[in-house]
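What you see below is based on every heavy atom in this structure, not just the backbone, and it leaves out hydrogens, waters and symmetry mates. Since the structure is predicted, the reported quantities are computational estimates derived from the model, not experimental observations.
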Amino acid sequence: MLGVNVVMKVGDRVRVKDSVVIYHHPEHRNQAFDIKGTEGEVVAIATEWQGRPVSANLPILVQFSKKFKAHLRENELEVI
């Protein structure tokens, strides 16, 4: 892992603790939408690709609902 100090693991319940504006929320398509306070589950952590280590900008993939996932930084989330 290229300097990625990941404390979270797949399966953890997390909450977005900072203001994070996204544009791909299924109910607010192509509109600025702040997901602060939204809770979800870590479904993947991007530390390698095709067997090689990578340093992803947004390494933590969180599933918030059936139709909505987002890649986030570890410092934008808190484990609940």
Side-chain angles (χ1 to χ4, degrees):
M1 292 204 273
L2 295 173
V4 178
N5 188 10
V6 178
V7 175
M8 295 171 199
K9 59 191 180 305
V10 173
D12 282 353
R13 292 282 305 160
V14 293
R15 178 183 304 122
V16 180
K17 66 180 182 178
D18 294 333
S19 179
V20 178
V21 176
I22 57 145
Y23 290 85
H24 67 280
H25 192 282
E27 294 165 23
H28 305 275
R29 188 69 76 213
N30 298 326
Q31 300 171 26
F33 183 71
D34 191 349
I35 58 171
K36 182 176 182 178
T38 308
E39 296 179 8
E41 181 179 329
V42 175
V43 292
I45 298 173
T47 55
E48 65 175 47
W49 183 72
Q50 293 185 345
R52 294 190 302 240
V54 296
S55 59
N57 293 343
L58 305 169
I60 301 176
L61 179 60
V62 180
Q63 177 97 40
F64 292 102
S65 69
K66 188 175 178 183
K67 292 184 174 182
F68 175 52
K69 295 182 195 176
H71 286 269
L72 299 163
R73 292 180 185 92
E74 188 172 13
N75 65 348
E76 296 170 332
L77 299 168
E78 61 187 354
V79 178
I80 51 174

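A continuous path of hydrophobic side-chain contacts links Ile45 to Val14 [ILVMFWY only; heavy atoms under 4.5 Å]. In the hydrophobic cluster analysis, where Ile, Leu, Val, Met, Phe, Trp and Tyr join through side-chain heavy atoms closer than 4.5 angstrom, Leu58 is grouped apart from Val16.
Among residue pairs with one or both ends in residues 39-67, those qualifying as ring pair (Phe, Tyr, Trp, His ring centres under 6.0 Å) are Phe64-Phe68; sequence neighbours excluded. Residue pairs meeting the salt bridge (Lys or Arg N to Asp or Glu O under 4.0 Å) criterion with at least one partner in residues 54-70, sequence neighbours excluded, are absent.
No option in Leu61, Val62, Asp12 other than Leu61 meets the side chain to side chain contact (heavy atoms under 4.5 Å, CB included) test with Val43.
Annotation for Val10: hydrophobic cluster partners, listed by chain and number, are none (ILVMFWY side-chain heavy atoms under 4.5 Å, direct or chained). In this structure, Ile80 shares a hydrophobic cluster with no other residue, the cluster being traced through Ile, Leu, Val, Met, Phe, Trp and Tyr side chains under 4.5 angstrom apart.
The main-chain N or O of His28 is never found under 3.5 Å from a side-chain atom of Gln31 such that the two would form a donor-acceptor pair.
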Determine all donor-acceptor pairs shorter than 3.5 Å in which one atom belongs to a side chain in residues 32-40; sequence neighbours excluded.
| unit_1 | atom_1 | unit_2 | atom_2 | d |
| --- | --- | --- | --- | --- |
| Asp34 | OD1 | Val20 | N | 3.1 |
| Asp34 | OD1 | Lys36 | N | 3.0 |
| Asp34 | OD2 | Ser19 | OG | 2.7 |
| Thr38 | OG1 | Ile35 | O | 2.7 |
| Glu39 | OE2 | Arg15 | NE | 3.3 |
| Glu39 | OE2 | Arg15 | NH2 | 3.2 |

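Glu48 contributes atom CD, which lies 13.5 Å from atom OG of Ser55 (distance to the nearest 0.5 angstrom). Taken from CZ in Arg73 to CG in Asn57, the straight-line distance is 6.5 Å, to the nearest 0.5 Å.
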**OP:** Go through the steps to decide whether Lys17 and Leu77 satisfy the test side chain to side chain contact (heavy atoms under 4.5 Å, CB included), and finish with yes or no.
**Re:** CA-CA 5 Å; Lys17 66 180 182 178; Leu77 299 168; 6.0 Å; no

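The local environment of CG in Asn75 is crowded, with over 12 non-hydrogen atoms from other residues, nucleotides or ligands closer than 6.0 Å.
Nearest approach of Ala56 to Ala46, heavy atoms of both residues: CB-O, 3.9 Å.
In this structure, the side chains of Val79 and Met8 come closer than 4.5 Å at one or more pairs of heavy atoms.
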